[in-house]
Q: 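Got a structure for you, questions after.
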Amino acid sequence: MAIVLSHQSALDCMGLQWFDDGLPRCGLTSADLRGPTQEEVHQMSMLLYQEERPLHVLVAPSANRRCGDTLVKHRFARGLPPDSFFRFHHGVYVCSPELALVQMAKGADPVDTILLADRLCAAFVQDESMVGGVRKRQPLTTTAKITEYVRKSPGVSGIAQVKKALRHIDDEAASPREIALAMLLCLPNRLGGYGLPPAELNGRVTVFGEQSRGCSAAKYCDMLWRAQKVAIEYESSAFHGNAETLRADSRRRSILQASGYQVVTVTNSQIKDPREFYVVAHNIARLLKTRVRTRVQDWSQRHLDLRKAIGL
């Protein structure tokens, strides 16, 4: 019999280092499930949080769903794809990133769903024990995997919300500020963004010739509009390293510029200040040969709401 961590507890579990290298996926049915004992709830809460917090689990449709202060039970959904779970530890399973996203999307604000999806698709996880508060790792999922999961789960509650968010999800973000930058610039006006065309995060560019010391070399841009040859470099000593790394960033910008790319450097202070960021957004729009158009009357308030949602 299996205990299955779901919703926020599944997401919190994915922050543990055990998930950095991935875990094998599997399928479960409602007949496989059992509720945890009070002692098991305590042990898992201490593992995840080092304190007592509500633990979210899946239970069979016929099971008693009475909840307490330390346990929240959710009904197992029918029609889940066979790869919806990870085997975590000795009879304990965890909902997959795609399923956890669907669970959290039900009734959530669209911006919160997009933000969560971006974090699940990112090449980092937040970790306060690390310098800069992040730990690099392989993405837990990708936009392509989420798209396929949505296709396989048409009747599952929360799928409609994830389907609407899909066009705005980005892969491979390397830091929380890169996610914030992409959302501010590229989300549509109705969600508080500037509505610029979608960009690649950490897009790979191959440069040749003298600027790369006579041979081909791969460079990565924090944000890249490939067709327009416009790139954004986010400058932050916290997330991009020490002074030596910043010098390497400067050299990379020079190489990209010599290869015909227009490179815009954006700082943390510019992202945090709405007035400064207004100038940045309009400058990028000019390089992209487009215009910033705010087509909703209360866009300024929506933009402030977006900033609040992403922690600015």
Q: Taking K163 for its side chain and P154 for its backbone only, find out whether a donor-acceptor pair lies under 3.5 Å.
A: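 Side chain of K163 to backbone of P154, a donor-acceptor pair under 3.5 Å: no, none is there.
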Q: For Y220 and N202, work out which heavy atoms get closest and say how close.
A: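 Closest approach of Y220 to N202: CD2-O, 3.5 Å.
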Q: Enumerate, atom names and distances included, each donor-acceptor pair closer than 3.5 Å involving a side-chain atom of residues 164-171, sequence neighbours excluded.
A:
residue : atom : partner : partner atom : Å
D171    : OD1  : T143    : N            : 2.9
D171    : OD1  : T143    : OG1          : 3.1
D171    : OD2  : T143    : OG1          : 3.1

Q: I'd like to know whether I232 forms a side chain to side chain contact (heavy atoms under 4.5 Å, CB included) with L185, so could you lay out the CA-CA distance, the side-chain angles of the two residues, the decisive distance to 0.1 Å, and finally the verdict.
A: CA-CA 11 Å; I232 292 180; L185 288 173; 3.6 Å; yes
Q: So, R151 and E148, do they make that salt bridge, N to O below 4.0 Å?
A: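 Counted as a salt bridge, because a side-chain N and a carboxylate O are separated by less than 4.0 Å.
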Q: Using 0.5 Å steps for rounding, measure from the SG atom of C95 to the CG atom of L5.
A: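 Reported to 0.5 Å precision, the distance equals 8.0 Å.
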Q: Flag the pair E200 and R226 as a salt bridge only when some basic side-chain nitrogen lies within less than 4.0 angstrom of an acidic carboxylate oxygen.
A: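 Counted as a salt bridge, because a side-chain N and a carboxylate O are separated by less than 4.0 Å.
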Q: Closest heavy-atom contact between N189 and G195?
A: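 N189 and G195 have their closest heavy atoms at ND2-N, 4.1 Å.
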Q: Could you tell me whether a side-chain N or O of R177 sits under 3.5 Å from a main-chain N or O of E235, the two making a donor and an acceptor?
A: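 Judged by distance alone, no pair lies under 3.5 Å.
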Q: So which heavy atom on R135 is nearest to which on G15, and how close?
A: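 For R135 versus G15, the nearest heavy atoms are NH2-O, 3.1 Å.
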Q: Between M223 and E178, is any pair of side-chain heavy atoms under 4.5 Å apart?
A: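 They are not in side-chain contact.
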Q: Return each pair, listed once, that meets side chain to side chain donor-acceptor pair (under 3.5 Å) where at least one residue sits in residues 79-94; pairs must be two or more places apart or across chains.
A: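 Every pair satisfying side chain to side chain donor-acceptor pair (under 3.5 Å) with a residue in residues 79-94: S84-Y149.
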Q: If you take all heavy atoms of P61 and R78, which pair is closest and at what distance?
A: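 Minimum heavy-atom contact is CG-NH2, 4.1 Å.
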Q: Take T267 and E276, measure what side-chain hydrogen bond (donor to acceptor under 3.5 Å, both in side chains) needs, and give me the verdict at the end.
A: CA-CA 10 Å; T267 65; E276 288 190 37; 5.3 Å; no
Q: Show the nearest heavy-atom pair for residues W225 and P197, with the distance to one decimal.
A: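 Where W225 meets P197 most closely, the heavy atoms are NE1-O, 2.8 Å.
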Q: Would you say that D222 contacts L181 through its side chain, given a criterion of any heavy-atom pair below 4.5 Å between the two side chains?
A: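 Side-chain contact under 4.5 Å: no.
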Q: If we count only N and O atoms by modelled type, under 3.5 Å, do the side chains of Y234 and N268 hold a donor and an acceptor together?
A: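 Yes - a donor-acceptor pair under 3.5 Å links their side chains.
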Q: May I ask you to check whether over 12 heavy atoms, not counting those of Y278, lie within 6.0 Å of atom OH?
A: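 12 or below, so no.
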Q: Evaluate side chain to side chain contact (heavy atoms under 4.5 Å, CB included) for L224 paired with V205, printing each intermediate quantity in order.
A: CA-CA 9 Å; L224 175 66; V205 173; 3.7 Å; yes
Q: Would you mind listing every ring pair (Phe, Tyr, Trp, His ring centres under 6.0 Å) that reaches into residues 113-135, with sequence neighbours excluded?
A: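 Residue pairs with at least one partner in residues 113-135: there are none.
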Q: Under the salt bridge (Lys or Arg N to Asp or Glu O under 4.0 Å) definition, can you give me all pairs with a residue in residues 101-120, not counting sequence neighbours?
A: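 For residues 101-120, and leaving out neighbouring residues, there are no salt bridge (Lys or Arg N to Asp or Glu O under 4.0 Å) pairs at all.
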Q: For the backbone of R53 and the side chain of S45, can you confirm whether one donor and one acceptor N or O come within less than 3.5 Å of each other?
A: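 Yes, because the side chain of S45 sits within donor-acceptor range (under 3.5 Å) of the backbone of R53.
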Q: Do you reckon L71 sits in the same ILVMFWY cluster as F76, going by side-chain contacts under 4.5 Å, direct or chained?
A: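 The answer is yes; both residues are in one hydrophobic cluster.
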Q: Taking the side chain as C-beta and beyond, is there a heavy-atom pair between L48 and L55 under 4.5 Å?
A: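 Yes, side chains in contact.
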Q: Roughly how far, to the nearest 0.5 Å, is the CG atom of L196 from the CD1 atom of I284?
A: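 Atom-to-atom, I284:CD1 and L196:CG are 7.0 Å apart.
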Q: Quick check on side-chain hydrogen bond (donor to acceptor under 3.5 Å, both in side chains): which of T142, T147, T141 does E98 satisfy it with?
A: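 Answer to the side-chain hydrogen bond (donor to acceptor under 3.5 Å, both in side chains) test with E98 among T142, T147, T141: T141.
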Q: Treat each ILVMFWY residue as a node, draw an edge where side-chain heavy atoms are under 4.5 Å apart, and state whether V125 and F88 are in one component.
A: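 No.
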Q: Would a single hydrophobic cluster contain both M104 and L140, if residues Ile, Leu, Val, Met, Phe, Trp and Tyr are joined by side-chain heavy-atom contacts under 4.5 Å?
A: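 Per the 4.5 Å side-chain linkage, L140 and M104 are co-clustered.
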Q: Between atom SG of C186 and atom CG of L191, what is the distance when rounded to the nearest 0.5 Å?
A: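 Reported value, rounded in 0.5 Å steps: 12.5 Å.
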Q: Using a distance-only test with no angle check, is there a side-chain donor-acceptor pair under 3.5 angstrom linking S9 and D12?
A: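 On atom types as modelled, these side chains do not qualify, holding no pair under 3.5 Å.
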Q: Considering all heavy atoms of both residues, which atom of S30 and which atom of A60 are nearest to each other, and what is their separation?
A: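 Result for this residue pair: O-CB, 3.7 Å.
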Q: Please check if V72 and L11 belong to a single hydrophobic cluster, counting links between Ile, Leu, Val, Met, Phe, Trp and Tyr side chain heavy atoms closer than 4.5 Å.
A: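 No.
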Q: Taking only distance into account, with no hydrogens and no angle test, what donor-acceptor pairs under 3.5 Å do side-chain atoms of residues 304-312 form with protein atoms, sequence neighbours excluded?
A:
residue : atom : partner : partner atom : Å
D305    : OD1  : Q301    : NE2          : 3.0
R307    : NE   : H303    : NE2          : 3.1
R307    : NH1  : I271    : O            : 2.7
R307    : NH2  : I271    : O            : 3.0

Q: Using ring pair (Phe, Tyr, Trp, His ring centres under 6.0 Å) as the criterion, list what pairs up with Y261, not counting sequence neighbours.
A: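 Y261: no ring pair (Phe, Tyr, Trp, His ring centres under 6.0 Å) contacts found.
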Q: Does the plane of the ring in F86 sit parallel, tilted or perpendicular to the ring in F19? Use 30° and 60° as the thresholds.
A: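 Perpendicular, since the angle between the ring planes exceeds 60°.
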Q: Looking at SG of C13 and CG of L47, how far apart are the two atoms once the value is rounded to the nearest 0.5 Å?
A: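 Here the rounded value is 7.0 Å.
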Q: Say you draw a straight line from NE2 of H7 to CD of Q103; how long is it, rounded to the nearest 0.5 Å?
A: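 Between atom NE2 of H7 and atom CD of Q103 there are 4.0 Å.
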Q: Test side chain to side chain contact (heavy atoms under 4.5 Å, CB included) on H74 and H56 and set out the steps.
A: CA-CA 7 Å; H74 302 271; H56 294 260; 2.8 Å; yes
Q: How long is the span from the CD1 atom in I3 to the CG atom in L58, to the nearest 0.5 Å?
A: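 Atom-to-atom, I3:CD1 and L58:CG are 12.0 Å apart.
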Q: Salt-bridged, R34 to E40, with N to O below 4.0 Å?
A: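 Looking at R34 and E40, the cut-off is met.
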Q: With a 4.5 Å cut-off on side-chain heavy-atom distances among I, L, V, M, F, W and Y, is there a chain of contacts connecting M14 to M46?
A: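 No, M14 does not connect to M46 through the hydrophobic network.
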